[in-house]
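Below: the structure, in structure tokens.
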Amino acid sequence: MTEKNVRVRFAPSPTGALHIGGAHTALFNWLWARRRGGAFILRVEDTDAERSTAEYEDTIMDGLKWLGLDWDEGPDVGGAFGPYRQSERMDLYRKYAEQLLDEGKAYREDGAVIFRTPVGVSLVIEDEIYGDIKIQSEKASVNQDGSVKDIVIIKRDGMPTYNYAVVVDDHAMDISWVIRGEDHISNTPKQMLLYRALGWEMPRFAHLPMILGKDKKKLSKRHGATSVFEYNDMGYLPDSVFNFLALLGWSPGGGIEIFDRDEAVRSFELSKVIKKPAVFDMDKLNYVNQEHLKTMDPVLKKRIVEPFWRELGLKPERHADQYLMDALTLMGARGRTTKELAEFSDYFVDFSPVKERYDASDITPEQRGTLKKFFAAFMSMPEWESGSMEAFARNWCEANGASLKEVALPLRWALTGRKVSPGVFEVAQLLGRDECGTRLKHFDFVD
RNA sequence: GGUCCCAUCGUCCAGCGGUCUAGGACACCGCCCUUUCAAGGCGGCGACACGAGUUCGAACCUCGUUGGGACCGCCA
């Protein structure tokens, strides 16, 4: 086993936020680096001076952090192979372009440096995922009419092109595996030609299947949420998005679908990644999110739901942390996103949304009479505990020829303003006797 | 148009020549549980694109057809 250390990189261009496709390839690179105890490198490909911005660079880094993907070398943390922004590596690109020029493998034209595409060379991409892909060098770069086209390596503005910079950097940064989207397969032959011309050893390639929208087309803005942060705003946990994305093109086997980062790292294998493109399915994401929500620590859950309560105009700070955590625990699996959780539990935070939703107009005078009798006794129970409340309610109904629903449903409406909620008596217990009294009195269910 | 890639339930994955009358999960539909809704339990619906080979035997190998996709910028 003399295989060299794993060094992989995620190389986004700062021309937009971190989107789902980028997050997916970053994730797989990270998984492979962590699995093999190697290094995950972040390299910013900002050679498009027009569209690249420092803001986007920050957004991308924030997106990676949000997903829990940490890098060992990058523009912010540095490293032995820096700098990590292509715009800061110009001398390197010039140096090798000079070399190619000297060797007659490239020529100048309109201020640009252009590499002569060789003809008659058989290339084979030994892809870790797709297997061997064979192609002739003259097919590597062509015009629309199919004629051979030379490859621009330095643009007129002095900036290197993607296909050239990526080769120089992957070599200079000692990248051992190039793991990227399948849409780059067609670029690979051009890059291999450059490696050959420069006399460099090639890294190993692994192309990942694309992520498609419902229409089976490459995922893009028109498929809805594109930035990973939009998922945060919709109430998805980073752990869930990580889990869900890892499941696109790969599975740990054994029927396991819900896992955390460590578990994913432990069972990840590049060779188990499949070739078929995957459709991004929101239903599955919802399910995965719900599963992660189920096992989430209450302290963390409260912290993450709080902003969503505030967004609804509620004031969670009026309550003790423990009370809010208890409320969330009571909510259980009701809600697939933190946003839903916040909505569905609003009545624990404030009474006002209850009043907005319910006005007791469905209660007939006769029913009200029964309710008043029941609640008068209910409110003066010696012990304010859900178990005894239920026992009391059942006995009372039995004795008065009523069904439990006749009192439980109005109670739920009065307390929550909703037709669904956790068990009413547990809700009542948590809200407390005084608060329940207030709410019942508001609807004139008790004097 | 050219080059390349892909092809198992609607979707995500298992399957890597025989144990497949193809398994799990999501979604969907029933039933159970129950003061409601989730959750949970049980069950149902539902796929190897097609055609030739190879082989004693093919979802798995080969070829073709069909269907889908990606790429063909001095963008990355």
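Taking 4.0 angstrom as the limit, A:Lys275 places none of its side-chain polar atoms (N or O) nearer than this to OP1 or OP2 of B:C4. Taking only side-chain nitrogens and oxygens, A:Lys405 never comes nearer than 4.0 Å to OP1 or OP2 of B:U34.
Comparing the same atom, P, in B:G46 and in B:C56 gives a spacing of 36 Å after rounding to whole Å. For the C1' atoms, the distance linking B:G51 with B:U3 amounts to 26 Å, nearest Å. A gap of 26 Å separates the P atoms of B:C48 and B:U55, to the nearest Å. The C1' atoms of B:A39 and B:C6 are separated by 38 Å, rounded to the nearest whole Å. Comparing B:C5 with B:U21, their C1' atoms are spaced 34 Å from each other, to the whole Å. For the P atom pair drawn from B:C72 and B:G15, the interatomic distance equals 33 Å after rounding to whole Å. A gap of 25 Å separates the P atoms of B:C20 and B:G41, to the nearest Å. The separation of B:C45 from B:G68, taken at their P atoms, amounts to 31 Å, rounded to a whole angstrom.
Summarising the geometry, the separation between CZ on A:Arg357 and P on B:U36 is reported as 20 Å, rounded to the nearest angstrom. Rounded to whole Å, atom P of B:C72 lies 7 Å from atom NZ of A:Lys190. Atoms CG (A:Asn143) and P (B:G2) sit 16 Å apart, rounded to a whole Å. The distance from atom CG of A:Leu245 to atom P of B:C12 is 14 Å, rounded to the nearest whole Å. A straight line from CZ of A:Arg180 to P of B:C4 spans 18 Å, rounded to a whole angstrom. Rounded to an integer number of Å, the gap from A:Asp283 CG to B:G10 P is 15 Å. Separating the CG atom of A:Leu212 from the P atom of B:C71 is a distance of 11 Å, rounded to the nearest angstrom. Rounding to whole angstrom units, NZ of residue A:Lys217 and P of B:C71 are separated by 12 Å.
Salt bridge annotation for A:Glu257-A:Lys284: present, with a cationic side-chain nitrogen under 4.0 angstrom from a carboxylate oxygen.
Counting any heavy atom pair closer than 4.0 Å across all strands shown, A:Asn286 reaches no nucleic acid atom. Across all strands, A:Val279 comes closer than 4.0 Å only to sugar-phosphate atoms, never to a base (heavy-atom distances). Contacts of A:Ser403 with the nucleic acid, taken as non-hydrogen atoms under 4.0 Å apart, are absent. In this structure, A:Ile274 reaches the sugar-phosphate backbone alone: every heavy-atom distance under 4.0 Å involves primed, P, OP1 or OP2 atoms, never a base. Within the nucleic acid shown, A:Lys294 comes within 4.0 Å of sugar-phosphate atoms alone, with no base atom in reach, counting heavy atoms only. Counting any heavy atom pair closer than 4.0 Å across all strands shown, A:Pro209 reaches no nucleic acid atom. Among the protein residues, A:Lys216 comes within range of the sugar-phosphate backbone only, with heavy atoms under 4.0 Å from sugar or phosphate atoms but none that close to a base. Nucleic acid contact class of A:His184 (heavy atoms, under 4.0 Å, all strands): base. Residue contacts for A:Gly111: at a heavy-atom cut-off of 4.0 Å it reaches no nucleic acid atom on any strand shown. Nucleic acid contact class of A:Ser251 (heavy atoms, under 4.0 Å, all strands): sugar-phosphate only. A:Arg418 comes within 4.0 angstrom of nothing in the nucleic acid, heavy atoms only.
The side-chain heavy atoms of A:Arg43 and A:Asp169, taken from C-beta on, include a pair separated by under 4.5 Å.
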Practice item. Could you walk me through whether A:Tyr236 and A:Asn286 pass the side chain to side chain donor-acceptor pair (under 3.5 Å) test, one step at a time? Key: CA-CA 8 Å; A:Tyr236 293 97; A:Asn286 283 327; 2.5 Å; yes
Review point. Which is it for A:Arg394 and A:Glu390 under the salt bridge (Lys or Arg N to Asp or Glu O under 4.0 Å) test, yes or no, and what are the steps along the way?
Key: CA-CA 6 Å; A:Arg394 284 183 192 285; A:Glu390 184 173 345; 2.7 Å; yes
Exercise for review: Would you check, one step at a time, whether the test side chain to side chain contact (heavy atoms under 4.5 Å, CB included) holds for A:Phe10 with A:Leu18?
Suggested key: CA-CA 11 Å; A:Phe10 174 54; A:Leu18 178 64; 3.9 Å; yes
Exercise for review: Determine, stepwise, if the pair A:Asp127 / A:His207 fulfils side chain to side chain donor-acceptor pair (under 3.5 Å).
Suggested key: CA-CA 7 Å; A:Asp127 195 279; A:His207 289 91; 2.5 Å; yes
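Proximity of a side-chain donor or acceptor of A:Arg357 to a complementary backbone N or O of A:Trp413 within less than 3.5 Å is not detected. Under the 3.5 Å distance criterion, the side-chain polar atoms of A:Tyr164 are matched with a main-chain donor or acceptor of A:Ala97. Formation of a donor-acceptor pair under 3.5 Å by the A:Tyr358 side chain with backbone atoms of A:Leu415 is not found in this model.
Between A:Phe40 and A:Trp71, the distance separating the two ring centers is not shorter than 6.0 angstrom.
Listed candidates were B:C71, B:C74, B:U35. Nearest to the side chain of A:Arg394 is B:U35. Closest to the A:Thr161 side chain, of the nucleotides B:C74, B:C6, B:U35, is B:C74. Taking only side-chain atoms of A:Gln290, from C-beta outward, the nucleotide of B:G24, B:C74, B:A38 with the closest atom is B:A38. Here the side chain of A:Glu45 is nearest to one of B:C13, B:C6, B:A76, namely B:A76. Comparing B:A39, B:C37, B:C12 by their closest approach to the side chain of A:Ala278 singles out B:C12. Checking B:C13, B:C74, B:U35 against every side-chain atom of A:Leu248, the shortest atom distance belongs to B:C13. In this structure, the nucleotide among B:A76, B:A25, B:C13 sitting nearest to the side chain of A:Lys284 is B:A25. Here B:C26 is the nucleotide among B:C26, B:A7, B:A38 with the atom lying nearest to any side-chain atom of A:Tyr287. Among B:U35, B:A76, B:C13, the nucleotide with an atom closest to any side-chain atom of A:Glu390 is B:U35. Ranking B:G1, B:A76, B:U11 by closeness to the A:Gln144 side chain, first place goes to B:G1.
Pair assignment for B:U21: none, as no Watson-Crick or G-U wobble contacts are both less than 3.5 Å. Across all strands shown, B:C72 pairs with B:G1; the Watson-Crick or G-U wobble distances both stay below 3.5 Å. In this structure, B:G46 makes no Watson-Crick or G-U wobble pair, since no nucleotide meets both defining distances under 3.5 angstrom. Across all strands shown, B:G53 forms a Watson-Crick or G-U wobble pair with B:C61, both key distances being under 3.5 Å. Nucleotide B:A7 has B:U66 as its partner under the Watson-Crick or G-U criteria, with both atom distances under 3.5 Å.
For A:Asp46 and A:Gly255, each mapped to the nucleotide of RNA chain B holding its nearest heavy atom, the one lying further toward the 5' end belongs to A:Gly255. Mapping A:Ala333 and A:Lys139 onto RNA chain B by nearest heavy atom places A:Lys139 closer to the 5' end of the strand.
Counting atom types as modelled, A:Asn187 pairs a side-chain N or O with a base atom of B:A76 as donor and acceptor under 3.5 Å.
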